[in-house]
Amino acid sequence: MIEMNETNLKDTTMPDSIIQGEVPTDSKNLYITTAIPYATGAPHIGNALDYLLADIWTRYQKQNGRDVRFQIGTDEHGNKITQKSAEAGLDPQSFVDKNHVLFKQVADMVGASYTDVVRTTDEIHKLAVQYIWQQLKPHIYKDKYEGWYCTGCEQFYTDKEVEVTGGKCPNHQQEYERLSEDNYYLRASDFSDQIRQAIENDEMKILPEFRKNELLEMIKDGVKDVSISRPRKSLSWGVAVPDDPDHVMYVWVDALSNYITVLGYPGNSDWKNYWPADVQVIGKDILRFHALIWPAILLGLGLELPKKLLVHGFVNVGGEKISKTVGNVIDPGEIINKYGLDAFRYYFSRHVPTQDDGDFTYEKFEAAYNGELANDLGNLVLRVANMITKYQAGVVGDAPLSEHDMSLYHEHMEALRFDQALDEVWSKIQSLNRYIDSVKPWEVAGRRESDTDAEDHLSEILAHCTGNLLQIGDLLVPFMPTTAATIHNTFDQGVITPLENVMFTKIFEHTPNPAAKTTQAK
RNA sequence: CGCGGGGUGGAGCAGUCUGGUAGCUCGUGUGGCUCAUAACCACAAGGUCGUAGGUUCAAAUCCUGCCCCCGCAACCA
């Protein structure tokens with residue numbers, strides 16, 4: 001969806017940063033990726049979080065004048081797909097066609113402004129992956145894989161699984177056999193030192209830092225080679241290994257390569273304008289593959305490593321792990337329908353720590369919605385707009401740009417701590433509420449008949465408020481696009497555009513309504 | 001001895017690297033204000049900082065032991 005002709009414009013028409021001097025000034029286009037979920041079933045909140053975090057970074061960079069490409073997609077090969085599609089009475093391709101749409105819908109639902117969509121069953125992807133395999137050949141070797149095999153399941157099981165089940169397959173009630181088969185292996189060990197160094201010196205920066213340390217500890221003795229194929233008889237739904245039709249690619253080379261094949265690698269040289277990726281957003285469960293196997297592939301191809309891996313955590317519900325059997329799955333659509341998209345984006349970007357596990361309950365969500373969005377922000381916008389309408393017939397004086405130092409906000413953004421960046425915005429919102437209470441514009445308005453300076457003073461105050469709100473609107477652009485637009489539309493034109501609706505109407509479905517209590521007390 | 005994260009007022013967290021009045025948000029109580037969505041603002045109550053010891057003039061912060069919670073543990077995609 002990126003127009004090709006945009007890529008060469010950057011030299012002549014590089015836009016000025018909206019927020020000058022606050023961001024690094026290298027002018028390269030940026031590329032941001034999300035993990036491609038396995039298209040076996042329905043999307044979950046973790047996928048939504050991937051899309052959201054990537055989108056926040058994308059919008060922030062676009063706001064700063066960058067040209068950003070943002071990829072989403074699905075991983076559509078493997079035995080689980082074959083199995084699930086059979087259960088659903090579909091052929092594998094129809095099955096993934098159907099599921100692919102579900103993931104795309106979630107991305108759309110959370111407002112992700114992606115530019116590219118990749119599917120591992122795309123013809124062009126499969127061809128590119130085979131090309132990649134060819135390039136990797138100096139680092140590929142064939143070896144025996146030996147393990148416990150169930151002829152009923154037609155697959156291998158780990159020692160641990162065999163131990164847990166007492167040596168008998170629970171699905172087929174038969175004993176595992178010791179079998180061996182040929183696998184191709186990627187000699188990731190060739191790149192142990194390079195990978196370790198890239199992680200150590202932040203050339204490929206892993207955020208948060210404790211994940212980086214965890215990983216370095218894990219590979220202090222080197223990176224292990226990894227099996228990257230299966231015999232066709234045990235894995236049919238996948239990309240054929242070039243020059244060896246009896247073998248099919250296992251997930252790694254196929255799926256991880258999506259990050260470059262979607263850019264057009266190797267055929268369309270436009271990929272060079274975007275790779276290496278600026279940020280790759282992943283969940284903590286897939287860090288190892290992205291920090292070890294993926295770099296091995298890239299180094300084998302002679303490509304640069306991604307600049308940053310943003311590792312987010314999991315979302316719990318009331319402290320419990322989300323699980324389908326427990327039935328505590330949360331549906332983004334339900335939240336968005338009731339509270340609105342911006343409220344959803346707000347909660348999951350501020351109250352779920354960007355780089356750690358978070359917790360969701362409807363109580364917490366609603367408390368944040370009513371307390372922070374409706375009371376702090378919505379009410380602030382309304383009270384300022386109202387005073388301008390009431391005291392100045394809606395005319396906004398010259399709003400001086402707020403000279404508030406927002407370097408902390410930008411520091412947090414650059415560090416990919418979106419939660420903390422929003423904390424800064426809210427502290428600004430609170431300051432403005434305090435400011436209004438301390439200067440008491442309504443008293444100033446009341447003095448205008450007797451005090452000739454009052455008129456000027458009042459308009460100064462309201463202009464100051466307007467300037468601050470416009471800045472708050474700017475800062476909210478990456479997080480809450482609609483809200484930011486509403487703020488700008490209201491104050492931007494020199495004359496107040498009255499709000500059509502109250503922002504963030506109070507909702508008390510999961511928290512007590514204070515109105516009931518106050519009435520009773522008085 | 002597998003690796004890592006964490007235990008701070010009712011709840012959720014910051015502070016620990018670079019020792020020295022324990023801070024923030026919510027909740028609770030009192031008061032103020034009226035521009036505003038029963039909102040906003042001020043003040044107050046409430047913590048022996050998991051536990052036992054050690055170092056120090058001084059420890060949430062440094063050292064040691066112990067207890068508890070939570071992830072990861074390589075083919076699971």
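To find a chain, count down the sequence lines: A is the first, B the second, and so on, and within it residues start at 1.
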Please list, for nucleotides 1-6 of chain B, all pairs of protein and nucleotide N/O atoms separated by less than 3.5 Å.
from: rG4(B); atom 1: O2'; to: Glu214(A); atom 2: OE1; distance (Å): 3.4

Tell me if the side-chain of Trp442(A) makes a donor-acceptor pair with the base of rC33(B), cut-off 3.5 Å, by modelled atom types. no
List in chain and number order the residues that pass side chain to side chain contact (heavy atoms under 4.5 Å, CB included) with Lys98(A), two or more places apart in sequence or in another chain; answer none if no residue qualifies. Leu90(A)
Selected nucleotide, minimal atom distance to Asn375(A) side chain, candidates rC40(B), rU37(B), rC75(B): rC40(B)
Stem segments of RNA chain B by first residue number [Watson-Crick or G-U, under 3.5 Å, at least 3]: B:2-7 with B:67-72, B:10-13 with B:23-26, B:28-32 with B:40-44, B:50-54 with B:62-66
With a non-hydrogen cut-off below 4.0 angstrom, is Lys284(A) in contact with a base, only sugar-phosphate, or nothing? sugar-phosphate
What does Lys506(A) touch in the nucleic acid at a heavy-atom separation under 4.0 angstrom: a base, only the sugar-phosphate, or nothing? base
I want to know whether His351(A) and Phe360(A) have ring centres closer than 6.0 Å. no
At under 4.0 Å between heavy atoms, what does Asp75(A) touch on the DNA or RNA strands: base, sugar-phosphate, or nothing? sugar-phosphate
Just to be sure I understand the rule, does Ala367(A) reach a base, reach only the sugar-phosphate, or reach nothing, if contact means heavy atoms closer than 4.0 Å? nothing
Quick one: side-chain hydrogen bond (donor to acceptor under 3.5 Å, both in side chains) partners of Asn99(A), sequence neighbours excluded? none
Return the residues of residues 338-352 of chain A meeting this criterion: a heavy atom under 4.0 Å from some atom of RNA chain B. Order them by number, or give none. none
Mind checking salt bridge (Lys or Arg N to Asp or Glu O under 4.0 Å) for Glu366(A) and listing every partner two or more places apart, or none if nothing turns up? none
Nucleotide N/O to protein N/O under 3.5 Å, stretch nucleotides 41-43 of chain B:
from: rC41(B); atom 1: O4'; to: Asp437(A); atom 2: OD2; distance (Å): 3.2
from: rA42(B); atom 1: OP1; to: Arg434(A); atom 2: NE; distance (Å): 3.1

Applying salt bridge (Lys or Arg N to Asp or Glu O under 4.0 Å) to Arg119(A) and not counting sequence neighbours gives Glu76(A), Asp97(A)
Suppose we screen for salt bridge (Lys or Arg N to Asp or Glu O under 4.0 Å). Which residues come up paired with Asp342(A), at least two apart in sequence or across chains? none
Before you tell me yes or no, could you show the steps for Tyr339(A) and Phe344(A) under ring-ring contact (aromatic ring centres under 6.0 Å, His included), namely the whole-Å CA-CA distance, both residues' side-chain angles and the distance that decides it to 0.1 Å? CA-CA 7 Å; Tyr339(A) 299 91; Phe344(A) 176 90; over 10 Å; no
Report which part of the nucleic acid Asn183(A) touches: base, sugar-phosphate, or nothing (heavy-atom distance under 4.0 Å, all strands). nothing
Hits for side-chain hydrogen bond (donor to acceptor under 3.5 Å, both in side chains) against Glu443(A), two or more places apart or cross-chain, chain-then-number order -> none
Closest nucleotide of RNA chain B for Lys440(A) versus for Gly378(A): which of these residues is on the 5' side? Lys440(A)
Pairing residues for Asp285(A) by the salt bridge (Lys or Arg N to Asp or Glu O under 4.0 Å) criterion, not counting sequence neighbours: none
Test of understanding: with side-chain hydrogen bond (donor to acceptor under 3.5 Å, both in side chains), list the residues that count as partners of Asn213(A), not counting sequence neighbours. none
Just call it for Trp252(A): base, sugar-phosphate, or nothing, with non-hydrogen atoms closer than 4.0 Å on any strand. base
